[in-house]
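So the structure is just underneath, and the comments pick up after that.
For the numbers below, each heavy atom of this structure counts, side chains included, while hydrogens, waters and symmetry mates do not. Positions are given from 1, in the same order as the sequence printed here. It should be emphasised that the depicted structure is a prediction, and the values quoted were computed from it without experimental measurement.
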Amino acid sequence: MVIELYSAPTPNGDKIGIALEEMGLEYNAHPINLSNNEQFNPDFLKISPNNKIPAIVDKEGPNGEEVALFESAAILIYLAEKSGKFIPTKGTKEYYKCLQWLAWQIGGLGPMSGQLYFFAKRCTEDIPLAKERFLKEVQRLLGVLDKELQDKDYVAGEYSIADMAIYPWVKPVLAFDAIGDYPNVVKYVERIGAREAVKRGSGLCKPNEQK
């Protein structure tokens with residue numbers, strides 16, 4: 001069973017690279033060069049009609065049928081359930097806590113950090129109101145995470161796909177100017193970043209790179 005991974009070295013892409021390495025799943029990495037708009041190629045759109053990375057194809061999906069998936073959260077849940085790793089037992093409190101923090105990243109930390117990066121680093125027009133708005137929201141979200149990590153190493157108790165989703169977004173945002181002090185989040189990033197599978201799975205699918 002080999003997973004075909006279509007991705008790029010971005011926070012959302014890193015989630016799936018980390019998960020594949022952590023779960024020990026065999027995969028082939030296919031770079032999608034976003035700078036060249038390869039996400040709009042017809043062949044890729046057949047896999048990911050929303051023209052976003054990451055995406056996967058599993059030729060041995062449910063009932064032995066091929067399945068193509070896009071959206072990082074859906075892929076993380078699929079891979080965790082397929083491998084039986086890094087997701088708590090379905091129906092338990094821990095299972096729903098894991099999904100809760102996965103949703104928190106997908107609906108909050110990721111989009112808000114992305115907007116902060118755009119207005120602070122890439123926007124050709126200086127828009128102080130936008131920068132302030134998204135900086136404050138990211139700070140609020142980091143405060144929520146920092147408080148959650150006061151008495152635990154990982155958001156759902158045991159290391160899980162929720163942490164694999166959060167880590168690639170938290171690590172770069174901590175480097176922003178005036179982001180603030182979040183000691184528990186810093187330790188969390190260091191803890192996850194020290195994992196060998198995380199090192200191997202981060203930064204996959206650079207342009208012109210094939211595994």
Side-chain angles (χ1 to χ4, degrees), residues 1-34 38-111 154-169 192 195-206 209-211:
M1 183 269 294
V2 179
I3 302 292
E4 304 298 330
L5 169 65
Y6 300 83
S7 192
T10 70
N12 281 335
D14 282 353
K15 297 176 192 177
I16 309 307
I18 290 169
L20 288 166
E21 288 288 344
E22 289 281 18
M23 296 170 191
L25 296 172
E26 188 175 355
Y27 65 93
N28 294 317
H30 306 277
I32 302 298
N33 191 325
L34 304 180
E38 290 181 0
Q39 67 270 33
F40 298 105
N41 288 353
D43 287 345
F44 181 67
L45 290 174
K46 292 177 183 177
I47 300 168
S48 179
N50 197 36
N51 61 265
K52 301 290 184 182
I53 62 95
I56 65 165
V57 174
D58 183 1
K59 294 183 179 180
E60 298 179 26
N63 301 315
E65 299 177 357
E66 180 174 305
V67 60
L69 293 172
F70 63 96
E71 291 296 336
S72 59
I75 297 169
L76 285 172
I77 294 169
Y78 176 79
L79 294 176
E81 293 186 349
K82 184 179 183 73
S83 67
K85 298 177 180 179
F86 302 107
I87 191 168
T89 302
K90 188 174 290 188
T92 63
K93 178 179 70 175
E94 291 76 17
Y95 174 81
Y96 294 108
K97 287 288 186 180
C98 177
L99 296 188
Q100 166 188 275
W101 283 101
L102 180 58
W104 177 85
Q105 187 281 309
I106 297 297
L109 182 66
Y154 304 107
V155 294
E158 299 294 327
Y159 181 60
S160 72
I161 56 172
D163 303 294
M164 298 177 200
I166 293 169
Y167 167 80
W169 281 101
I192 295 175
R195 298 176 68 92
E196 291 302 319
V198 172
K199 296 177 185 178
R200 294 193 303 270
S202 298
L204 292 179
C205 293
K206 294 181 177 67
E209 182 177 270
Q210 195 95 3
K211 175 180 175 182

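- Note that the OG atom of S160 and the CD1 atom of I87 stand 8.0 Å from one another [nearest 0.5 Å].
- Salt bridge absent: K85 and E22 never bring a charged side-chain N and a carboxylate O closer than 4.0 Å.
- Residues forming a side chain to side chain donor-acceptor pair (under 3.5 Å) with D163 (at least two apart in sequence, or on another chain): Y188.
- Annotation: side chain of V67 is in contact with side chain of P62 (closest heavy-atom distance under 4.5 Å).
- Here the closest non-hydrogen pair linking E38 and P31 is OE1-O, 3.8 Å.
- The backbone N or O of P168 lies less than 3.5 Å from no partner atom in the side chain of D14, so there is not a single donor-acceptor pair.
- With sequence neighbours excluded, the residues satisfying ring-ring contact (aromatic ring centres under 6.0 Å, His included) with F86 are Y159.
- The line from OG of S202 to CD1 of I18 is 3.5 Å long, rounded to the nearest 0.5 Å.
- For the atom pair C98 SG and K93 NZ, the distance stands at 14.0 Å (nearest 0.5 Å).
- Within the structure, no pair that satisfies the salt bridge (Lys or Arg N to Asp or Glu O under 4.0 Å) test touches residues 62-71, not counting sequence neighbours.
- Between the side chains of E21 and Y27, at least one donor N or O lies within less than 3.5 Å of an accepting N or O.
- Remark: T89 engages T92 in a side chain to side chain contact (heavy atoms under 4.5 Å, CB included) (not counting sequence neighbours).
- With rounding to the nearest 0.5 Å, the separation of CD1 in I161 from OG in S72 is 10.0 Å.
- Inter-residue side-chain proximity for F70 and I56 is flagged as unmet; no heavy-atom pair is nearer than 4.5 Å.
- In this structure K199 satisfies the salt bridge (Lys or Arg N to Asp or Glu O under 4.0 Å) test together with E196, sequence neighbours excluded.
- Partners of E81 by salt bridge (Lys or Arg N to Asp or Glu O under 4.0 Å), not counting sequence neighbours, listed by chain and number: K90.
- Sorted by first then second residue, the side chain to side chain donor-acceptor pair (under 3.5 Å) pairs that include residues 97-106, not counting sequence neighbours, are K15-Q105.
- We find the NE2-CG distance between H30 and L5 to be 7.5 Å, quoted to the nearest 0.5 Å.
- Legend: side chain to side chain donor-acceptor pair (under 3.5 Å) pairs involving residues 41-62, not counting sequence neighbours, sorted by first then second residue: D58-Y78, D58-K82.
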### Task
Show the numbers, then the answer: is there a side-chain contact (heavy atoms from CB on, under 4.5 Å) between I16 and S7?
CA-CA 9 Å; I16 309 307; S7 192; 5.7 Å; no
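- The shortest distance between side-chain heavy atoms of L69 and V57 does not fall below 4.5 Å.
- Looking at every heavy atom in both residues, A55 comes nearest to F44 through CB-CE1, 4.1 Å.
- Closest approach of N28 and E4 over heavy atoms only: ND2-OE2, 3.0 Å.
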### Message
For a side-chain contact (heavy atoms from CB on, under 4.5 Å) check, start with the C-alpha distance between I77 and L102, then their side-chain angles and the critical distance, and finish with the verdict.
### Response
CA-CA 10 Å; I77 294 169; L102 180 58; 3.9 Å; yes
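- Here the shortest heavy-atom pairing between A29 and C205 reads CB-SG, 3.7 Å.
- To the nearest 0.5 Å, atoms CD1 (I53) and OG1 (T10) are separated by 3.5 Å.
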